[in-house]
Visitor: 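Next up is a structure, given as structure tokens.
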Amino acid sequence: MAKATATANANIALVKYWGKRDDALILPQNSSISMSCDGLSTTTTAEFSEKYRSDTIVINDEELKKDEKNILGHIERIRKLAGIQEKAKVVSESNFPVAAGLASSASGLAALTVAAAEAAGLSLHEKELGILARQGSGSASRSICEGFVEWHKGVMPDGSDSFAESIVRKNYWPEFRMIATIVSTEKKKTGSRAGMKQTVETCPFYGGWLRTVEDDLNIIRKGIRSRDFALVGSTAEANCLKMHALMMTTKPAILYWIPETVEVMHAVMAMREQGIEAYFTIDGGPQVKVMCLQKDEREITKRLLRLKGVQKTILCKPGDGAKLVNKHLF
Ligand code: PMV
């Protein structure tokens with residue numbers, strides 16, 4: 001069987017996903033909306049062959065331990081779907097720090113899905129790839145698609161209508177920018193899988209999240225279509241703060257922010273007071289992503305890099321969906 005290689009971008013959610021209604025199939029409690037980030041990508045090569053005696057996975061030059069059930073389970077899922085027995089070799093490289101809240105699981109699982117499905121001889125469309133990627137990591141379903149993307153929560157118990165699709169392609173709003181600030185490269189303590197489960201089970205405000213998230217989705221969808229930056233930025237920032245309020249009021253509390261996170265948040269708010277249009281969003285980690293328009297990207301980057309806590313910034317534009325490429329990693 002031929003080897004196959006795919007690249008996929010990370011995606012940053014404007015309306016977040018935090019909580020499942022089915023843990024095994026990874027079905028979310030609410031729909032979510034994100035942007036594919038062209039500066040944060042993962043490339044993965046996969047090959048199934050009789051010459052391999054067990055599955056080997058190498059991520060950023062490090063061999064994965066056998067207890068990494070998530071990725072191994074995903075390879076097994078693809079093997080079953082294709083009806084093959086051969087073991088796999090997978091090599092994956094990301095151009096940004098993994099497991100620090102920069103959506104590495106999304107780009108990683110999306111690239112793995114596209115590469116391994118192709119290598120296993122499956123021929124799947126975008127919707128099917130999204131449904132498959134979703135079962136590896138929920139947000140990975142969004143990394144299959146281009147530009148601004150909605151992951152529909154779906155209502156079917158089998159998950160057949162819980163998939164992602166583009167709202168608009170990357171060229172619809174090419175001026176939109178997401179500046180990822182790196183404030184720490186340490187591995188986070190609470191993974192999203194365990195964290196969101198704790199929130200659904202123990203957070204007293206989860207009902208309030210579910211009651212208001214439909215409004216956020218409608219506003220952001222409309223804001224993207226009309227390219228209304230202030231509407232999208234302000235709604236996305238408020239949605240992020242609402243999600244972190246859930247995390248903090250989960251038992252035991254989940255606090256992803258470190259002092260440097262808060263420093264960037266204040267700086268973004270101060271920029272707004274000075275008339276610079278910038279908004280922030282934060283995921284399951286300490287990094288802050290700053291939303292702005294192309295016209296302000298240089299000034300905002302300069303100001304962010306002046307902050308004590310900011311180690312570096314990565315500029316992202318609306319990017320592609322996951323795709324096959326010709327250059328293999330082994
Ligand atoms: O798909 P996961 O398990 O990596 O969870 C993603 C959760 C957040 O990044 C916090 C929110 C989101 O919608 O991306």
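We count ligands from 1, going down the list as the structure has it; atoms in each ligand are counted the same way. Sequential numbering from 1 along the given sequence is applied to the chain's residues.
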Visitor: I'd like to check which ligand 1 atoms, numbered from 1 as shown, lie under 4.0 Å from a non-hydrogen atom of A13.
Guide: 12 (C), 13 (O), 14 (O)

Visitor: With no hydrogens and no angle check, just 3.5 Å: does a side-chain donor-acceptor pair link T235 and D216?
Guide: no

Visitor: At less than 4.0 angstrom from any non-hydrogen atom of G138, what atoms of ligand 1 do you find?
Guide: 1 (O)

Visitor: Just so I know, are the side chains of T5 and T43 near enough to count as touching, which here means a heavy-atom distance under 4.5 Å?
Guide: yes

Visitor: Taking 4.0 Å as the limit for heavy-atom contacts, which would you say applies to S32 with ligand 1: side chain only, backbone only, both, or neither?
Guide: neither

Visitor: I'd like to know if K16 contacts ligand 1, where contact means a heavy-atom distance under 4.0 Å to any ligand atom.
Guide: yes

Visitor: Side chains of residues 263-272: which donor-acceptor partners sit under 3.5 Å, not counting sequence neighbours?
Guide:
residue, atom, partner, partner atom, Å
E263, OE1, G309, N, 3.0
E263, OE2, K308, N, 3.3
R272, NH1, E237, OE1, 2.8
R272, NH1, A278, O, 2.8
R272, NH2, E237, OE2, 2.9

Visitor: Ignoring hydrogens and geometry beyond distance, is a side-chain donor-acceptor pair present between K3 and S49 at under 3.5 Å?
Guide: no

Visitor: I'd like to know if A106 contacts ligand 1, where contact means a heavy-atom distance under 4.0 Å to any ligand atom.
Guide: no

Visitor: Pick from L27, L25, I26: which one makes a side chain to side chain contact (heavy atoms under 4.5 Å, CB included) with K20?
Guide: I26

Visitor: Using a strict cut-off of 4.0 Å, indicate which atoms of ligand 1 neighbour a heavy atom of S105.
Guide: 4 (O)

Visitor: Mark up the atoms of ligand 1 that fall under 4.0 Å of a heavy atom belonging to G284, in ascending order.
Guide: 10 (C)

Visitor: With side-chain hydrogen bond (donor to acceptor under 3.5 Å, both in side chains) as the rule and sequence neighbours excluded, what pairs involving residues 162-177 come up?
Guide: E146-R169, W151-S162, H152-E165, K170-D320, R177-E297

Visitor: Within the structure provided, determine whether S234 and Y279 are in side-chain contact (heavy-atom separation under 4.5 Å).
Guide: yes

Visitor: Can you check whether W18 has an N/O within less than 3.5 Å of an N/O in ligand 1?
Guide: no

Visitor: Output yes when the distance from some N or O of ligand 1 to some N or O of S137 is under 3.5 Å, and no in every other case.
Guide: yes

Visitor: Which one holds for R142 and ligand 1: side chain close, backbone close, both close, or neither close, with close meaning a heavy atom under 4.0 Å?
Guide: side chain

Visitor: Which ligand 1 atoms does S192 reach within 4.0 Å, using its non-hydrogen atoms?
Guide: 2 (P), 3 (O), 4 (O), 5 (O)

Visitor: Classify the contact between M196 and ligand 1 as side chain, backbone, both or neither, using a heavy-atom distance cut-off of under 4.0 Å.
Guide: side chain

Visitor: Under 3.5 Å, is there a donor on one side chain and an acceptor on the other for D158 and S160?
Guide: yes

